[in-house]
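Residue numbers count from 1 along this sequence.
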Amino acid sequence: MPTLVIMRHGESQANRDNIFTGWSDVPLTDRGVRQAHSAGKVIAKSQIQFDDVHTSLLKRAIMTTNIVLDEIGQNFIPEHKSWRLNERHYGGLRGKNKLKVKEKVGAKQLKIWRRSFTVVPPLLTKRDEDARYERYGVKIPLGESLEMAQRRLIPYWIDEIAPNLLDNKNQLIVAHGSTLRALIKFLEEISDEEIPNVEVPNGQPIRYDFDGQLKIVNKTFME
């Protein structure tokens, strides 16, 4: 029975400051580092032996990954980084304080931008450039809905993660709130109407056990 553990990175500086982040690269706070260590200790208690770990190209997820691998004593396993696991791109909301946006547009509109599956946030007028994406031939989005983030995420699941699980190889994913929500939606067949209610807390490992056809047998919030 293959096992998948997913978790959101520890608290970042943008989480602490209540700022939209997306593809902006921000580090963990001291609290985020502690959350990563705690999550690693929780995972270590399960004694799961992983064959691979997958993370994004953003330092908050990479830092969390490295701490967790230290805590579980599995630094030797292959570590795969992909832009497809990056956080959803918040477009023109990036860098803005969520409370100030709420004051300007109202709580209803803010919730739609943050939690809707299909609605795209205000787009950037100019595309960012970053060498880490250019090497993969990837154009940084001007903004993404959760649906758009899911469309880039699922091919990675199909090509890089699901085959390993089908081969009975345990997998660990350390990524971001929105992309993990998109993955959870896919795995659990959650409706567009229900996905706004799904939360993925910082540093909370979630365990999925699958049968041989990758149907979920058990889901556990690891503590």
Short side-chain donor-acceptor distance under 3.5 Å, Gln13 and Thr29: no

Does anything in residues 121-130 form a side chain to side chain donor-acceptor pair (under 3.5 Å)? List the pairs, not counting sequence neighbours. Arg94-Asp128, Asp130-Arg132

Sorted by chain and number, sequence neighbours left out, salt bridge (Lys or Arg N to Asp or Glu O under 4.0 Å) with Glu134 holds for none

Distance-only side-chain donor-acceptor flag, Gln171 / Asp52, under 3.5 Å: yes

By the ring-ring contact (aromatic ring centres under 6.0 Å, His included) test, which pairs, at least two apart or in different chains, include something from residues 118-142? Trp23-Tyr133

With Lys219 via salt bridge (Lys or Arg N to Asp or Glu O under 4.0 Å) - residues at least two apart: Glu188

For Val101, the hydrophobic cluster (side chain heavy atoms closer than 4.5 Å, chained through members) also holds Phe20, Tyr90, Leu93, Val105, Leu110, Ile112, Trp113, Val119

Listed by chain and number, what are the salt bridge (Lys or Arg N to Asp or Glu O under 4.0 Å) partners of Lys59, not counting sequence neighbours? none

Do Thr64 and Asn66 meet the criterion of a side-chain donor-acceptor pair at a distance under 3.5 Å? no

May I have all residue pairs that pass salt bridge (Lys or Arg N to Asp or Glu O under 4.0 Å) and include part of residues 161-172, sequence neighbours excluded? Asp167-Lys169

By salt bridge (Lys or Arg N to Asp or Glu O under 4.0 Å), which residues pair with Arg114, not counting sequence neighbours? none

Inter- and intrachain pairs under ring-ring contact (aromatic ring centres under 6.0 Å, His included), touching residues 198-223, at least two apart: none

Identify each donor-acceptor pair in which a side-chain atom of residues 3-10 lies under 3.5 Å from a protein atom, sequence neighbours left out, and give them as a table.
unit_1: Thr3; atom_1: OG1; unit_2: Asp209; atom_2: OD1; d: 2.7
unit_1: Arg8; atom_1: NH1; unit_2: Val200; atom_2: O; d: 3.0
unit_1: His9; atom_1: NE2; unit_2: Arg60; atom_2: NE; d: 3.4

According to the ring-ring contact (aromatic ring centres under 6.0 Å, His included) rule, which pairs have a member within residues 65-86, sequence neighbours left out? His54-His80

Using the side chain to side chain donor-acceptor pair (under 3.5 Å) rule, collect all pairs that involve residues 34-49, keeping only residues at least two apart or in two chains. His37-Glu71, Lys41-Glu71

Treating Ile, Leu, Val, Met, Phe, Trp and Tyr as nodes and any side-chain heavy-atom pair under 4.5 angstrom as an edge, say whether Phe186 and Ile173 lie in one connected cluster. yes

